[in-house]
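In what follows, every chain begins at residue 1, and chains take the letters A, B, ... in the order their sequences are listed.
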Number of protein chains: 4
Amino acid sequence: MLYDAIVVGGGVIGSSVSYQLARRQKKVLVIDRGKTGQKASSAAAGMLGAQSELKGDDSLFQMARTSRAMFPSLAVELKELSGIDIGLQQKGLYKIASSKGEAESLQQLGRFQETAGEKAEWMDAGEMRQKEPALSDRFWGALYLPEDGQVDAPQLTKAYAASASALGADFLEHTDVTGFMEENGRVVGVRTGGGTYTGEAVIAAAGAWSASLLNHDRTIVETYPVKGECFSVQTERPLIAGTLFTKGCYIVPKAGNRLVIGATEQAGSFDESVTVEGLFQLMEKARDLLPSLQGAKIEHTWAGIRPQTKSGIPYVGPHPEKKGLWLATGHYRNGILLSAVTGTLVADQIEGKQVDPDWVTSGQSFITL
Amino acid sequence: MLYDAIVVGGGVIGSSVSYQLARRQKKVLVIDRGKTGQKASSAAAGMLGAQSELKGDDSLFQMARTSRAMFPSLAVELKELSGIDIGLQQKGLYKIASSKGEAESLQQLGRFQETAGEKAEWMDAGEMRQKEPALSDRFWGALYLPEDGQVDAPQLTKAYAASASALGADFLEHTDVTGFMEENGRVVGVRTGGGTYTGEAVIAAAGAWSASLLNHDRTIVETYPVKGECFSVQTERPLIAGTLFTKGCYIVPKAGNRLVIGATEQAGSFDESVTVEGLFQLMEKARDLLPSLQGAKIEHTWAGIRPQTKSGIPYVGPHPEKKGLWLATGHYRNGILLSAVTGTLVADQIEGKQVDPDWVTSGQSFITL
Amino acid sequence: MLYDAIVVGGGVIGSSVSYQLARRQKKVLVIDRGKTGQKASSAAAGMLGAQSELKGDDSLFQMARTSRAMFPSLAVELKELSGIDIGLQQKGLYKIASSKGEAESLQQLGRFQETAGEKAEWMDAGEMRQKEPALSDRFWGALYLPEDGQVDAPQLTKAYAASASALGADFLEHTDVTGFMEENGRVVGVRTGGGTYTGEAVIAAAGAWSASLLNHDRTIVETYPVKGECFSVQTERPLIAGTLFTKGCYIVPKAGNRLVIGATEQAGSFDESVTVEGLFQLMEKARDLLPSLQGAKIEHTWAGIRPQTKSGIPYVGPHPEKKGLWLATGHYRNGILLSAVTGTLVADQIEGKQVDPDWVTSGQSFITL
Amino acid sequence: MLYDAIVVGGGVIGSSVSYQLARRQKKVLVIDRGKTGQKASSAAAGMLGAQSELKGDDSLFQMARTSRAMFPSLAVELKELSGIDIGLQQKGLYKIASSKGEAESLQQLGRFQETAGEKAEWMDAGEMRQKEPALSDRFWGALYLPEDGQVDAPQLTKAYAASASALGADFLEHTDVTGFMEENGRVVGVRTGGGTYTGEAVIAAAGAWSASLLNHDRTIVETYPVKGECFSVQTERPLIAGTLFTKGCYIVPKAGNRLVIGATEQAGSFDESVTVEGLFQLMEKARDLLPSLQGAKIEHTWAGIRPQTKSGIPYVGPHPEKKGLWLATGHYRNGILLSAVTGTLVADQIEGKQVDPDWVTSGQSFITL
């Protein structure tokens, strides 16, 4: 069978790409070396932090804003197609200042974002604690970003994949892609442990494993893994309404009195274990933010491996040398947020549509051996 | 602290009762000997089978119809209060006939239900397979009940409990109630391993463990446990849209290409293990219904312990002898369906409101030693 | 069927008692309200700390020494009967001093234990770190107890139970005992949610739930639960050979480069959740002891509920008022260590054999309402 | 760092090879793309079926006999080094005949094995049921192989790995090997997603994933995966003492009244899910063998992916073309049994020792693209 597109990687990016392609009547095959949606995509806390994560007036910020704005209608579409609720919450995010200096730079960030057309409100300690009384009283205030929301990350990936499947996409799990098939300098399919598959377009969306995937053919994409450890707790009562975000720690309130707390940053590790040190430091920061967290019951601990690029900008576009091969990886800790726009951006390019050239970012950081 | 009501049991019944009481500004304490929502409530497949499970023109059928009709607005309320989506689906249920005789009695049942104002449509084998092509061709037809839907049972219980909590109800888990406190012939609270709690009303909602609970005071409520084994699978594509229901086996489609298959019936057992025999028989029946189930991937196996009464009618009303003590148990395999009406019925009675006397069913089957 | 003995509780104490009775050709029934060996018994770290846990020259110390000495032959017997290896390790224990004052009192304890015929060796910081180089250098030294060993606690309970079963004992799980049957002032059996069972002797061995068990009959045994939180890690290399023991924290090395770290103490809680605060404090202490623990990978976190008595001495003997009823509970954090001697002590008494009267400790702390 | 040997794959074969090399003072690095010992090695039932699995008088049979004979001393060594009990049981195996024809060929096999110096005893139905009364009465008899024993497969792999680690071997988990480094036509190391490692010898021991591993360099080793589904149960009493083995189903008794039942055979699948069909067929066969299995409680279901070769003979020896690269894969369902001899055989060859040339089997079935 000749597929219109073969997506390598069934995480949140690969699933979103396959969903957008399937919506356009493309015949899609998704290949995952394990189960779909089991890696970084299900480890994420699910923040839609367009304003909290991204600062400058650059193309990534534009992509992030565009992507965040897609979620309300996506939530409806995906629920319709898959029956899965992605848990979209739009209750805002507090970017908290722990020093006077930090307070000032957050205020400046707020003013910039307002200029850029976004909502951002500085709250001093008193105002902040009026809205979120469980917060510690040792902070200087917070930049409140009412439009940075969140989703349930594992459900989002399941919803993209189940919706793509409902629209006819095939999923092949537990299958290693060991290289690309080429004809006349063009990628025309993939080789796997269990045979070959041919497709008009091949999309590399293997997250932190994209470097290994492309390494097989001696095309080095300079991504590296960044491990992030997290934990979740159950509380008796809701402690917070909005998301709390500070240096090295965020606390995201979920349905049913759960909180997800993340995330450490350890570059270079593919090991999904949680270490004593990682959890200890995370707990220390989280207790500082939210003292009443002490009595909360620990639910799970886990880690995810996020794909980072040297430039800090994800690769979303054609491979710089190999025709027929597309890249959608390197989203670091913004994979959930950027998944929506990445799906449409890749699908648009494959269909030959005009896209914002600033958002196509595959040209840098490749070395062919 | 003097509670308005103490609910013993944090399953779907106890949680619904506590939610309805909390909505009416009552101060409620829920006591569970383990974690809330962990027993039969989370083991259920979540069918809202008002027409499929109940046949006669009796009060139980009236309760069931009333309860089913409450779910659409409940789903909205509970999502609002707790953020939890109860997964309500209203895609109908096929009650399948495996013999000519069964077909005839189902047709008769359908006519009766239409008379009673319900929708029910007989489909012959061809029509049935046109709507659900994955169904085996060896059946005679089915009674299609378009209004019997389903919910996600574990999420429903969580949503009741989290909503009650959001409205101020207290939850005390891991606590054994070892007896009732009485004053002047009236129940005024409970004794536990960790102290006593006083309340204006005490509601026994301990499911299959209600007999043990009441046994402590030598008041024997004649309920007995009926174990039900289940399993769930994941399929690549959706196999069915509606629920399939036949003797000894039902198959309920869930979001994300999951199917829940239940349930065996074994009276007298509190053992939540799944046996080789139970699972084997269930698989045999399910494969007969849906031959393509063969390739499905097994996700989980589990069992729940349902509380049955001698009369087959749940106890929902005042204890026949002890003032201040209310009963809400014995819902057998209709606990999810009847939870909605049971919650309001108990709350109404405690508030002294007029309720349909036919629905108050605590008077029978008690023996005081 | 008339049993020789009915043991209520299938934890390490109940299982040891049933094993000793079954070895003596008694027909035994063990009743557990859940699964056997699932509560405190499987939560324990498995230290055999006769010298580290117990200090004075009292009967409890004598029981503990006797019990510890039974393990080498028990290990062989249980492996023979059940095939289960209880993981007995006799590599000693370091009782670590964090201040000069602590060092002095440990030295004094060592001298006392030597007088009592036990081995105990004071090591200064240098000697200690020569034997255990991974230990932090901030401690004053340690009392080394070469004969305090350890077992794999979950395997020990399984081995007792499987050996009892191999010798003919019956196990009834998932069954609530709701009271005792009495005839002419003598306990002759138990009532359960699923019927009654008669036995010549009934042994209450329900751990922290013993108070609830006896409460049903308004005989208050003054035990209370003490929750202990633990975690385990995996390391790349063995970090320590012996067990480390200090105030509020012990670290027990297990086969396969695992370490079990325990335990917090929280009186009054039956909740088996691990809290943020409990885990945080435990990690803090463990990192102080063993700095290289930082890189270790977290395996599990859990909590167990230990039964404590007011006097601190377990109940092992006849019920003070009810003939036919025996007590074997209140072992607090020495249940694993004392299980061996408790099993023989109860079996001896039921057989009418002479036992050390100082070790029979059921006479105190009962109140009959 | 220059390693003496780099072992790719930390399953039972890779771990045994690394253990034998570490015993010989080699500096070893084991690289696994996930966690060590998590794939087929921990999915195995642990039979040491030298006589039951292998029939002819060929080199594989000789290897198997040699390997089986190594286990008693291995058990002692590994327990000493790692503290881990490998659960060696030598209680024999019944190869059961379900027809007269099968009975005759088993009798013939028995005579052959006796000639070859092995013990093998034909038992008619009566004798067989005298020794194993729980067996169904519908079989013709069994060939009893008293020396075919079993181990606890997951513990065996852990014990090899922990012993190798105790002797200085390094383990690098969660790391993809994406190709081999070559110099002057000789393999001198491996490339991974996270950098390169150099070693004097590289051993490919990646089980069913060996084909993908070698595929990266376009050297096709003709192995393919064979999925095997299993389940385990818990019984109240021991049902059998020896292992039961018949066409398509074996039942292996484990410590603590557990039974492991395996295994389906599905060529070509890397999917570790258990299917409805696989489990159903396995249960059907197991119930036929052991009718009292019906009441057993299901513990787990799982699947492992075993590496099979076209010739049916594992590759244990030098790569046919690439110097410095060794193969140890393709052990199909005899990986546990053959692990012992494979470890020494590879270590001997790397050390340049003389080995039985019949046992070196890497020369066939390779294609270089």
NZ (D:Lys35) with more than 12 external heavy atoms under 6.0 Å: no
Pairs of heavy atoms under 4.5 Å with chain D: top-ranked of B:Val274, B:Leu293, B:Thr301: B:Val274
Pairs of heavy atoms under 4.5 Å with chain D: top-ranked of B:Ala296, B:Gly278, B:Ala286, B:Gly295: B:Ala296
Heavy-atom side-chain contact between B:Leu279 and D:Leu279 under 4.5 Å: yes
Flag side-chain contact, heavy atom, 4.5 Å: D:Ile298 against B:Thr275: no
Contacting moiety of D:Glu299, where chain B heavy atoms sit under 4.5 Å: neither
Contact origin within B:Gln234 toward chain D - heavy atom pairs under 4.5 Å: neither
More than 12 heavy atoms of other groups within 6.0 Å of D:Glu236 CD: no
pair D:Val276-B:Lys297: side-chain heavy atoms closer than 4.5 Å: no
Top contributor to chain D interface from B:Glu284, B:Arg287, B:Met283 [non-hydrogen pairs under 4.5 Å]: B:Arg287
